[in-house]
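The next block holds one structure in the form of structure tokens; read it before the comments.
The first residue of the sequence shown is numbered 1, and numbering continues consecutively from there.
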Amino acid sequence: MNTGDFEFLCNFLKTRSGLILNTDKMYLVESRLLPLVRKRKLDSLDVLVKQLRMGSDKQLIQDVTEAMTTNESSFFRDKTPFDTMRNEVLPKFVDTRGARKQLRIWSAAASTGQECYSIAMLLKEMSAQLAGWRFDIIGTDISKEVLEKARAGMYSQFEVQRGVPMQLLVKYFKQIGEMWQIDPAIRAMVQFRECNLLNDLKALGTCDIIFCRNVLIYFDTETKKMVLERMAEIMPDDGILFLGAAETVIGLTNKLVNIKGVRGAYAKAGRVEAAAVVAPPARAAAG
């Protein structure tokens with residue numbers, strides 16, 4: 001691939017998905033787009049880029065964007081946010097939203113759905129404490145292909161082994177040949193829809209809890225700031241944002257602040273006490 005084509009693809013991907021590629025990533029572009037070249041029976045990657053430059057083939061634009069999107073996900077990934085949600089965030093909402101009993105949870109860049117279904121299983125396991133509550137779980141991604149897989153809820157042995165505890169695997173999955181499909185009741189708890197994080201997010205409505213983990217690391221500073229501030233706009237005053245362990249809002253925006261003592265969790269700035277957003281961790285009884 002020549003330098004001009006690579007620069008065009010870098011600009012194309014930044015505009016379409018926010019993805020930032022350095023010059024040392026040319027090999028990555030080639031490895032991910034060559035299967036698309038073969039699928040379309042083109043002579044070379046140069047021909048694909050030439051067609052892409054024309055801008056008239058909407059399916060090609062979508063296919064190239066999806067081919068370059070990183071779709072890494074796993075069940076209960078990194079564990080800490082799920083523990084925080086179960087032990088601190090949800091108990092706090094139970095106290096403060098007792099009359100309303102409704103929460104909307106958004107998993108941004110949901111990929112093939114593992115994060116959404118992990119949240120759904122967590123809520124299902126807490127049914128006794130959350131009796132009468134309504135939860136809307138929304139999973140979004142820029143890729144139509146991964147969203148189709150997410151809706152099917154079908155996973156390989158490797159995918160379920162990566163994070164699903166045995167008791168939950170037995171309880172919420174059915175083995176079909178060499179694959180495992182998640183229970184229809186869990187699938188019904190999640191709505192999947194297409195969404196580009198670079199676009200206006202207000203169409204999603206108010207989201208009480210947002211998971212946007214390991215996404216911002218692919219964006220430049222300006223894009224990170226834009227996405228974070230748009231997320232803050234659709235969070236209520238007591239909303240929670242979970243970022244990845246290597247991500248932060250520091251130096252990017254003053255509209256969100258870290259929740260004291262809770263790694264990777266953020267609240268809207270302007271609250272009297274950010275620590276009040278979550279319940280204090282339960283303490284063991286003395287003696």
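Not one N or O on the side chain of K124 forms a donor-acceptor pair closer than 3.5 Å with the backbone of I186. In this structure a side-chain-to-backbone donor-acceptor pair under 3.5 Å is present from E247 to G244. One N or O on the side chain of N258 and one on the backbone of A265 form a donor-acceptor pair closer than 3.5 Å. Judged by distance alone, with hydrogens and angles left aside, the side-chain atoms of R77 form no donor-acceptor pair with the main-chain N or O of R213 at under 3.5 Å. Remark: the backbone N or O of S156 is paired with a side-chain donor or acceptor of E159 at under 3.5 angstrom. In terms of modelled atom types and a separation under 3.5 Å, the side chain of T248 and the main chain of I250 share a donor-acceptor contact.
Taking CG from N199 and CE from M226, the interatomic distance works out to 8.0 Å, rounded to the nearest 0.5 Å. Note: L103 CG to L90 CG = 7.0 Å, rounded to the nearest 0.5 Å. From Y218, atom OH reaches atom NZ of K224 across 11.5 Å, with rounding to the nearest 0.5 Å. Atoms CG and CD, on L147 and E194 in that order, are 7.0 Å from each other to the nearest 0.5 Å. Here the OG-CG distance, from S143 to N196, works out to 11.5 Å after rounding to the nearest 0.5 Å. To the nearest 0.5 Å, atoms CZ (F8) and OG1 (T3) are separated by 15.0 Å.
Two residues are said to be in side-chain contact when any heavy atoms from C-beta on lie closer than 4.5 Å; W133 and V94 meet this criterion. Residues L228 and L243 meet the side-chain proximity criterion, which asks for heavy atoms closer than 4.5 Å. Using a 4.5 Å heavy-atom cutoff, the side chains of L130 and L123 are in contact. Looking at heavy atoms from C-beta onward, M126 lies in side-chain contact with R86 at the 4.5 angstrom threshold. In this structure, the side chains of C207 and L201 stay at 4.5 Å or more apart for every pair of heavy atoms. Here the side chains of K171 and Q167 are not in contact, with every heavy-atom distance at 4.5 Å or above. You'll find the side chain of I119 stays beyond 4.5 Å of the side chain of I209, heavy atoms only. Side chains of E233 and K202 form a contact here, defined as non-hydrogen atoms less than 4.5 Å apart.
Defined by atom type and a distance below 3.5 Å, a donor-acceptor pair is missing between the side-chain atoms of T206 and R104. For the 3.5 Å distance criterion, the side chains of Q59 and D63 qualify, holding a donor opposite an acceptor. In this structure, a donor-acceptor pair under 3.5 Å is absent between the side chains of S74 and Q114. A donor atom on one side chain and an acceptor atom on the other are found under 3.5 Å apart for T223 and D220. A donor and an acceptor atom, one from each side chain of E125 and Y172, are located under 3.5 Å apart.
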List the atom pairs, donor and acceptor, that lie under 3.5 Å between side-chain atoms in residues 33-41 and the rest of the protein, sequence neighbours left out.
| unit_1 | atom_1 | unit_2 | atom_2 | d |
| --- | --- | --- | --- | --- |
| R40 | NH1 | D57 | OD2 | 3.0 |

Which donor-acceptor pairs under 3.5 Å do side chains of residues 175-184 form with protein atoms, sequence neighbours excluded?
| unit_1 | atom_1 | unit_2 | atom_2 | d |
| --- | --- | --- | --- | --- |
| Q175 | NE2 | G177 | O | 3.4 |
| W180 | NE1 | Q157 | OE1 | 2.7 |
| Q181 | NE2 | A152 | O | 2.8 |
| D183 | OD2 | A185 | N | 2.8 |

Exercise. Yes or no on side chain to side chain contact (heavy atoms under 4.5 Å, CB included) for N214 and D78, after CA distance, side-chain angles and deciding distance?
Worked result: CA-CA 11 Å; N214 308 303; D78 301 330; 3.9 Å; yes

Exercise. Where do T84 and V89 land on the side chain to side chain contact (heavy atoms under 4.5 Å, CB included) test, with the steps shown first?
Worked result: CA-CA 6 Å; T84 299; V89 173; 4.1 Å; yes

Problem set entry | CA sep, side-chain torsions, deciding dist, call: M235, I210, side chain to side chain contact (heavy atoms under 4.5 Å, CB included) | CA-CA 8 Å; M235 291 168 59; I210 300 175; 3.6 Å; yes

Problem set entry | Derivation of the side chain to side chain contact (heavy atoms under 4.5 Å, CB included) call for L241 and K268 | CA-CA 9 Å; L241 168 66; K268 291 184 76 167; over 6 Å; no

For this session: For K92 and D238, run salt bridge (Lys or Arg N to Asp or Glu O under 4.0 Å): C-alpha distance rounded to whole Å, both residues' side-chain angles, the deciding distance at 0.1 Å, then the answer.
Result: CA-CA 10 Å; K92 184 66 178 182; D238 58 352; over 6 Å; no

For this session: Apply side-chain hydrogen bond (donor to acceptor under 3.5 Å, both in side chains) to the pair T140 and R193, showing each step before the final yes or no.
Result: CA-CA 5 Å; T140 68; R193 61 176 87 161; over 6 Å; no

Exercise. Can Y117 and F192 be said to form a ring-ring contact (aromatic ring centres under 6.0 Å, His included), step by step?
Worked result: CA-CA 11 Å; Y117 291 137; F192 289 103; 5.7 Å; yes

For this session: Report the C-alpha separation of E148 and K144 in whole Å, then their side-chain angles, then the decisive distance to 0.1 Å, and conclude whether the salt bridge (Lys or Arg N to Asp or Glu O under 4.0 Å) test is met.
Result: CA-CA 6 Å; E148 284 303 309; K144 294 180 180 179; over 6 Å; no

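Summarising the geometry of L48 relative to L60, their closest heavy-atom pair is O-CD2, 3.9 Å, with the distance given to 0.1 Å. The two residues I61 and G55 come nearest to each other via the heavy atoms CD1-O, 3.9 Å. Of all the heavy atoms in Y155 and K149, the pair that sits closest is CD2-CE, 4.3 Å. F93 and D208 get closest at one heavy-atom pair: CZ-O, 4.3 Å. Closest non-hydrogen pair, L198 versus S17, comes out as CD1-C, 3.6 Å. Minimum interatomic distance between C212 and M231 (heavy atoms only, all atoms of both residues): SG-CE, 3.4 Å.
In this structure, F76 is a member of the same hydrophobic cluster as M166, with clusters built from ILVMFWY side-chain heavy atoms closer than 4.5 Å. The hydrophobic clustering, which links ILVMFWY residues whose side-chain heavy atoms are closer than 4.5 Å, places V146 and I138 apart. Hydrophobic clustering keeps M189 apart from M154 (ILVMFWY residues linked when any side-chain heavy atoms are closer than 4.5 Å, directly or through intermediates). Residues I142 and F211 do not share a hydrophobic cluster, defined by chaining ILVMFWY side chains whose heavy atoms lie under 4.5 Å apart. Hydrophobic clustering of Ile, Leu, Val, Met, Phe, Trp and Tyr side chains at less than 4.5 Å, counting indirect connections, unites L45 with L13.
Within a 6.0 Å sphere centred on CD of E222, heavy atoms belonging to other residues, nucleotides or ligands number 12 at most. Dense packing is recorded around CZ of R100, with more than 12 heavy atoms of other residues, nucleotides or ligands lying under 6.0 Å away. Heavy atoms from other residues, nucleotides or ligands lying under 6.0 Å from CD of E145 number 12 at most.
Taking the six-membered ring wherever Trp is involved, the centroid distance between the rings of F242 and Y266 does not fall below 6.0 Å. The aromatic ring centres of F75 and F173 sit less than 6.0 Å apart.
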